[in-house]
Amino acid sequence: MSEQKKKQQQKSGQKPKTAIQPTRVENYAEWYQQVVKAADMAETSAVRGCMVIKPWGYAVWENIQRGLDDMFKATGHQNAYFPLFIPLSYLEKEAQHVEGFAKECAVVTHHRLEPDGEGGLKPAGELDEPLVVRPTSEMIIGATFAKWIESWRDLPLLINQWANVVRWEMRTRLFLRTAEFLWQEGHTAHATEKEAVEETLQMLEVYRTFATDWLAMPVITGEKTEGERFPGAENTYCIEGMMQDRKALQAGTSHFLGQNFSKAQEICFADANTDKQYAWTTSWGVSTRLIGGLIMTHGDDDGMIMPPRVAPSHIVILPVLHKEETREAVLEYCNKLAADLRAKSYDGRPVRVELDLRDLRGGEKSWQWIKRGAPLRVEVGPRDMENDAVFVGRRDRGHKEKETIGRETFIDGISDMLAEMQEGLLERARAHRDENIRIIDDKDEFYAFFTPGENAGGKGVVPIHGGFAMTHFCGDVALEEQIKKDLGVTVRCIPTRGQGLPGQDEPGTCPFNGQESTTRVVWAKSY
RNA sequence: CAGGGUGUAGCUCAGCUUGGUAGAGCGGCGGCUUUGGGAGCCGCAAGUCGCAGGUUCGAAUCCUGUCGCCCUGACCA
């Protein structure tokens with residue numbers, strides 16, 4: 001940095017040391033919002049609570065869709081599409097289900113607009129029956145299933161839908177909670193309870209695999225407690241990730257619905273003995289919330305860090321073109337480089353390369369890509385061309401740690417480098433999570449763990465503290481409610497065994513009331 | 001829905017107490033200078049001051065009403 005620059009910095013005091021301000025430690029919630037904006041992924045819209053997903057963010061969603069969709073197909077599911085509108089009477093059929101969603105339903109009551117006589121328009125043509133904009137599609141898909149299923153030969157029925165849903169939330173945050181969001185919802189019907197439970201767990205495993213292998217987001221799988229269960233479900237399973245502020249993010253859910261919905265909607269079939277049987281159903285979903293999880297798992301104080309498998313572009317080539325006499329040659333070199341890289345494959349597909357020819361200053365351009373989280377930035381100028389090399393910056397390292405690599409070496413090693421970055425991000429996230437899981441057997445220790453220390457942050461700052469606490473728990477709903485009231489902490493899940501979590505195998509006593517307990521549960525503050 | 005705050009240029013805001021007819025920074029555009037870096041200088045464009053009434057010779061500023069948005073709660077992928 002020049003002396004002049006330093007002086008200016010001192011004078012103005014406004015030159016940021018990091019691309020994102022505030023930093024994660026200063027104010028995590030605000031940092032998150034700033035990253036979404038700086039990474040050019042989404043923005044708020046004119047419609048309250050609804051977001052505009054911008055191309056760089058939507059491309060991540062497309063990659064998520066592609067990865068998941070392949071996994072759904074591989075497990076025998078087919079895609080279909082059902083209506084956005086659900087007749088109100090459908091929703092009323094399953095009592096618990098309505099109760100769970102009623103407060104956040106958007107309702108369509110009219111189907112026409114007329115001049116209001118004052119230059120504006122007013123709704124006219126009131127509907128006989130109001131239509132609810134789907135908050136989830138159990139009722140409309142179930143009604144369809146009831147028609148499709150007649151015989152045991154029609155089962156299992158394995159359907160997935162990619163769609164948008166609306167939940168009229170009061171308080172929204174981009175990607176994490178918006179009034180409208182994109183998701184997929186799987187809906188299946190089975191002849192036996194055993195099959196339906198197996199399906200529920202299979203899809204949970206699909207989600208775990210996807211989160212781990214694609215998003216580089218380590219997750220804990222488990223079962224929800226009664227209080228956190230999906231309205232109308234017998235059992236809800238989930239994947240829970242730990243964000244960098246140590247809060248939990250529910251990243252996906254898979255529900256065993258038993259026969260609750262099939263009985264409410266007459267989803268029944270004739271079995272091999274010609275007896276009438278109610279089907280056993282499941283539903284499971286993940287949403288654009290995954291993108292929020294991606295940001296909070298990997299982002300740093302300079303912005304987003306994209307895991308290569310879901311990154312819209314793997315490599316951004318930034319030509320250094322300011323000398324007229326070398327301009328053409330550098331461009332040619334860059335185009336050749338891009339073509340050679342695209343001929344390579346990573347993750348079974350061509351490497352995604354972008355050549356950024358925008359007429360912007362080098363520094364600004366480079367920083368934009370840092371904030372967006374492109375895995376690799378490759379600067380190519382006359383010097384590199386002379387040496388048959390490239391100057392590479394990795395997003396998983398500091399922005400100054402750039403290195404010169406021989407052109408061919410770089411091209412030949414690109415797939416390995418991306419794979420190494422993907423693995424590195426997962427390991428980093430896993431280490432962070434594991435460091436912040438604590439086994440607790442004492443109530444006071446538990447309360448202290450979730451109470452911010454004196455230096456946790458200033459006024460208005462969201463403190464980073466706590467983490468995942470694993471305690472024995474008797475399962476009492478009122479007790480869980482009390483702890484939620486005291487600390488804002490809930491049971492995230494009763495973890496599935498065999499995923500390497502500490503202290504799961506021995507029975508014990510609930511530290512809150514001394515009752516017997518067979519397993520430990522995961523407690524955390526959550527999004 | 002309850003409590004608090006706030007609406008002025010694309011964005012962030014100043015001006016309002018003490019009415020006189022609109023400002024800054026950032027961003028955009030252009031020029032010059034720079035060039036492996038989020039640079040500098042000069043210039044240009046851009047606002048019926050949320051909306052509707054009222055007071056006044058005159059309202060961004062005072063009064064009334066209204067709408068939107070933000071924060072805090074209950075709810076939540």
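Proteins come first, then strands; the chains are lettered A, B, ... in the order of their sequence lines, and each starts at number 1.
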Answer yes or no: is there an ion pair linking [X] with [Y], defined by an N-O contact shorter than 4.0 Å?
| X | Y | result |
| --- | --- | --- |
| A:R395 | A:D300 | yes |
| A:R24 | A:D301 | yes |
| A:D340 | A:K336 | yes |
| A:R208 | A:E205 | yes |
| A:E228 | A:R492 | yes |

Send over the distance from [X] [atom1] to [N] [atom2], rounded to a whole Å.
| X | N | atom1 | atom2 | value |
| --- | --- | --- | --- | --- |
| A:Q34 | B:U12 | CD | P | 11 Å |
| A:M203 | B:A77 | CE | P | 19 Å |
| A:E481 | B:C75 | CD | C1' | 12 Å |
| A:Q33 | B:C11 | CD | P | 17 Å |
| A:M385 | B:G36 | CE | C1' | 14 Å |
| A:E240 | B:A77 | CD | P | 10 Å |
| A:L174 | B:C70 | CG | P | 11 Å |
| A:L321 | B:U35 | CG | P | 16 Å |

What is the pairing partner of [N], taking Watson-Crick or G-U wobble pairs with both distances under 3.5 Å in any strand?
| N | value |
| --- | --- |
| B:U72 | B:A2 |
| B:A59 | none |
| B:G65 | B:C51 |
| B:C44 | B:G28 |
| B:C13 | B:G23 |

Expressed in whole Å, how much space separates the [atom1] atoms belonging to [N] and [M]?
| N | M | atom1 | answer |
| --- | --- | --- | --- |
| B:U48 | B:A22 | C1' | 13 Å |
| B:A45 | B:C63 | P | 36 Å |
| B:A59 | B:C16 | C1' | 10 Å |
| B:U56 | B:A46 | P | 35 Å |
| B:G20 | B:C1 | C1' | 44 Å |
| B:U17 | B:G7 | P | 15 Å |
| B:C11 | B:C70 | P | 14 Å |
| B:G23 | B:U64 | P | 29 Å |

### Query
Is the aromatic ring of A:F181 within stacking range of B:A77, meaning centres under 5.5 angstrom and planes under 30 degrees?
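Base of B:A77: stacked against A:F181.
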Does [X] reach a base, just sugar-phosphate, or nothing at all? Heavy atoms under 4.0 Å.
| X | value |
| --- | --- |
| A:K402 | base |
| A:G285 | nothing |
| A:L176 | base |
| A:K400 | nothing |
| A:E169 | base |

Among [options], the one nearest [X] by side-chain distance:
| X | options | answer |
| --- | --- | --- |
| A:R361 | B:A77, B:G36, B:A39 | B:A39 |
| A:R289 | B:U34, B:A77, B:C75 | B:A77 |
| A:F391 | B:G36, B:A77, B:U35 | B:G36 |
| A:V320 | B:C75, B:G36, B:U35 | B:G36 |
| A:T178 | B:A77, B:G36, B:C75 | B:A77 |
| A:R48 | B:U35, B:C69, B:A77 | B:C69 |

### Residue closer to the 5' end of RNA chain B, A:G49 versus A:R383 (nearest nucleotide)
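First, find each residue's nearest nucleotide; the 5'-ward one identifies A:R383.
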### Task
Please tell me which of A:S287 and A:D384 maps to the more 5' nucleotide of RNA chain B, matching each residue to the nucleotide holding its nearest heavy atom.
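It is A:D384, whose closest nucleotide lies nearer the 5' terminus.
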### Exercise: do A:T188 and A:T282 side chains pair donor with acceptor under 3.5 Å
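Indeed, the side chains of A:T188 and A:T282 share at least one donor-acceptor pair under 3.5 Å.
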### Task
Answer yes if the side chains of A:E480 and A:T225 hold a donor-acceptor pair under 3.5 Å, and no otherwise.
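Yes, because at least one side-chain N or O of A:E480 sits under 3.5 Å from a partner of the opposite role on A:T225.
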### Query
Does NZ or CZ of A:R372 come closer than 6.0 Å to the centre of the six-membered ring of A:W56, within 45° of the ring's axis?
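Yes, A:R372 lies over the aromatic ring of A:W56.
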